[in-house]
S.K.: 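Right, I'll just put the structure down here and ask away after.
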There are 2 protein chains.
Amino acid sequence: MPKNPAPRAARDRAQEGEASGASRPATRIQTEKRALILDAALEVFSERGFRGATVDEIAGRAGLSKPNLLYYFPSKEAMHEALLNGLLDTWLDPLREIDPNGEPLDEILAYVRRKLEMSRKFPRESRLFANEIVQGAPRIGDTLGTDLKVLVDEKAAVIQGWMDDGRLATSHPHHLIFSIWSLTQHYADFDVQVRAVLGGEDPLDGAPAFLETLYRRTLVP
Amino acid sequence: MPKNPAPRAARDRAQEGEASGASRPATRIQTEKRALILDAALEVFSERGFRGATVDEIAGRAGLSKPNLLYYFPSKEAMHEALLNGLLDTWLDPLREIDPNGEPLDEILAYVRRKLEMSRKFPRESRLFANEIVQGAPRIGDTLGTDLKVLVDEKAAVIQGWMDDGRLATSHPHHLIFSIWSLTQHYADFDVQVRAVLGGEDPLDGAPAFLETLYRRTLVP
DNA sequence: CGTTGCTTTGACCGATTGGTCAAATCATGC
DNA sequence: GCATGATTTGACCAATCGGTCAAAGCAACG
């Protein structure tokens, strides 16, 4: 018969470092299960939104019992937060890669290609993000006005420089960036609609060529 | 003391015609309240999604008690359905207006302008629709593959004809239409993000000129 | 001005929700 | 092979959910 009053469980420390200093290292099982759970959570959050998702469904899709899931994450909120935390960074990586010293048109077209590739490879992440933004970004709104704005302003300035130098056709850099987000993410976020209209054809077959043509015509000086 | 066992209430017939033939005409109060409720429901559904919305919140925002609200609509589902039913049609009106006999470039640019105007005037409707599609269109999925596809295919054929005649630069008509949806609705659906990046500037100030330039360069033969 | 039927609501219901807890089971290093 | 702590779970809880109901309040028409 156990006498320890309340064992310090994984949730008390498995917060992936960051917070308190004296946290024991995560066990193999913890690492695996946390990844498994986050994958299931991504699945459910991305197709139901935060409030529409239930812990039971996440647990079910992860093949765990609900209390077991809550042993690894202290709350539904925590899972959502863990997903969103990593996401914005990953999502902006393609933008960071734009090289101020590169050939302007190539840089933009490569950026479009990278973003399109993300819609192909990570549609769930795209929809998770879309859900959050459409509903007013209640959980990452703060980051948008700071981190995001800083990065976009920086890259917009680079693009503006290219336009000033006559190496790109003149346009509104910020709106240009918005357009790339919009056009590429559309294929992930509005997937069902696009597929319904196209019938059998895979939307992401025609998309790269279409977008390359569109941006070439828009940006060639 | 009332003796009538169960008075036929508004919900039993106020389904706006369509269904049964012998429905009494809606009273003034019914008309007003139903509109009031739909407005509140649009507000809540568009910013929380279907499952995230609660009947209590809709009732509260409409200034009604919950039972009173459920007197006018038999269920939360019914409100959502009423909103979506009208929506897809309204949403596609700008596309229907494309005139096969018009000047190709003008027709496309006018379509873009109309869609952008809808993002400005009806952002809640846009977000309601976005929520539904992002989450897999569980309630209007059927319509997409039929009504929507038919209309889009028809207009895509018109555009294809213009391209074949050399009156528009060659491009993929379906993807062109997707791009217009995407670029215009982005300003409503991702409003918070776009605003956060732009700071004080109103996104819909720069958008029309940007989009006109983009489509002009893309489509001038 | 009273009757009739439309409108409104407080109280309530069963189902589902996110989350807890104590006890049982398992893994692992000694 | 056993002690210790990590992991798992069935049972449970309070809060919230969508929806119901009977009774009360109101408007409109004669």
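Labels below follow one simple rule: chain letters A, B, ... track the order of the sequence lines, proteins then strands, and each chain is numbered from 1.
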S.K.: A side-chain contact here means heavy atoms from C-beta on lying under 4.5 Å apart; do B:Tyr71 and B:Leu64 qualify?
M.R.: no

S.K.: Looking at every strand, decide which applies to A:Lys66 at a 4.0 Å heavy-atom threshold: base, sugar-phosphate, or nothing.
M.R.: base

S.K.: Could you check how far CD of B:Glu32 sits from P of C:dC6, rounded to whole Å?
M.R.: 17 Å

S.K.: Heavy atoms from C-beta onward define the side chain here; which of C:dG19, D:dC17, D:dG10 lies closest to that of B:Asp56?
M.R.: D:dC17

S.K.: NA contact type, B:Ala53, heavy-atom cut-off 4.0 Å: base, sugar-phosphate, or nothing?
M.R.: sugar-phosphate

S.K.: Let me see the working for B:Asp93 and B:Lys115 under salt bridge (Lys or Arg N to Asp or Glu O under 4.0 Å), right down to the final yes or no.
M.R.: CA-CA 9 Å; B:Asp93 273 341; B:Lys115 281 290 288 175; over 6 Å; no

S.K.: With the side chain of B:Pro67 defined as its heavy atoms from C-beta on, choose the nearest nucleotide among D:dT9, C:dA11, D:dC17.
M.R.: C:dA11

S.K.: Would you write the dot-bracket representation of DNA chain D, where each base gets (, ), [, ], | or . depending on whether it forms a Watson-Crick or G-U pair under 3.5 Å and with which partner?
M.R.: ||||||||||||||||||||||||||||||

S.K.: Tell me the interatomic distance from A:Arg34, atom CZ, to D:dT7, atom C1', rounded to whole angstroms.
M.R.: 15 Å

S.K.: On the side chain of B:Lys76, is there an atom forming a donor-acceptor pair with the base of D:dG19 - under 3.5 Å, no angle test?
M.R.: no

S.K.: Nearest nucleotide by nearest heavy atom, which residue falls closer to the 5' end of DNA chain C, B:Leu69 or A:Met79?
M.R.: B:Leu69

S.K.: Side chains of B:Glu57 and B:Thr54, heavy atoms from C-beta outward: is any pair under 4.5 Å?
M.R.: yes

S.K.: Can you identify which nucleotide, out of C:dT7, D:dG19, C:dG18, has its nearest atom closest to the A:Val55 side chain?
M.R.: C:dG18

S.K.: Using a cut-off of strictly less than 4.0 Å, decide whether B:Tyr71 has a side-chain nitrogen or oxygen near OP1 or OP2 of C:dT8.
M.R.: no

S.K.: With sequence neighbours excluded, give me every ring-ring contact (aromatic ring centres under 6.0 Å, His included) pair touching residues 28-70 of chain B.
M.R.: B:Phe45-B:Phe50, B:Phe45-B:His80, B:Phe50-B:His80

S.K.: Output the rounded distance in Å from CG (A:Asn68) to C1' (C:dC21).
M.R.: 14 Å

S.K.: In terms of side-chain heavy atoms of B:Lys33, which of C:dT17, C:dT8, D:dG18 is nearest?
M.R.: C:dT8

S.K.: For A:Leu70 and D:dA11, what is the distance between atoms CG and C1' respectively, to the nearest whole Å?
M.R.: 15 Å

S.K.: Check the distance between C:dT17's P and A:Glu77's CD and give it to me in whole angstrom.
M.R.: 18 Å

S.K.: Just wondering, do A:Ile159 and A:Ile108 contact through their side chains at under 4.5 Å, heavy atoms?
M.R.: yes

S.K.: For residues A:Ile133 and A:Leu144, determine if any side-chain heavy atom of one lies less than 4.5 Å from a side-chain heavy atom of the other.
M.R.: yes

S.K.: Between A:Ser65 and A:Arg51, which residue's closest nucleotide on DNA chain D lies nearer the 5′ terminus?
M.R.: A:Ser65

S.K.: Without decimals, in angstroms, what is the distance between B:Leu64 CG and C:dC6 P?
M.R.: 19 Å

S.K.: Assess whether salt bridge (Lys or Arg N to Asp or Glu O under 4.0 Å) is satisfied between A:Arg113 and A:Glu117, documenting all intermediate values.
M.R.: CA-CA 6 Å; A:Arg113 244 174 277 124; A:Glu117 204 50 36; over 6 Å; no

S.K.: Taking ring-ring contact (aromatic ring centres under 6.0 Å, His included) as the definition, give me every residue that meets it alongside A:His175, ordered by chain and number, with sequence neighbours left out.
M.R.: A:His172, A:Phe178, B:Tyr187, B:Phe210

S.K.: Between atom CZ in A:Phe73 and atom C1' in C:dG18, what is the gap in whole Å?
M.R.: 16 Å

S.K.: Rounded to the nearest Å, what distance is computed from the CD1 atom of residue B:Ile37 to the P atom of nucleotide D:dG19?
M.R.: 14 Å

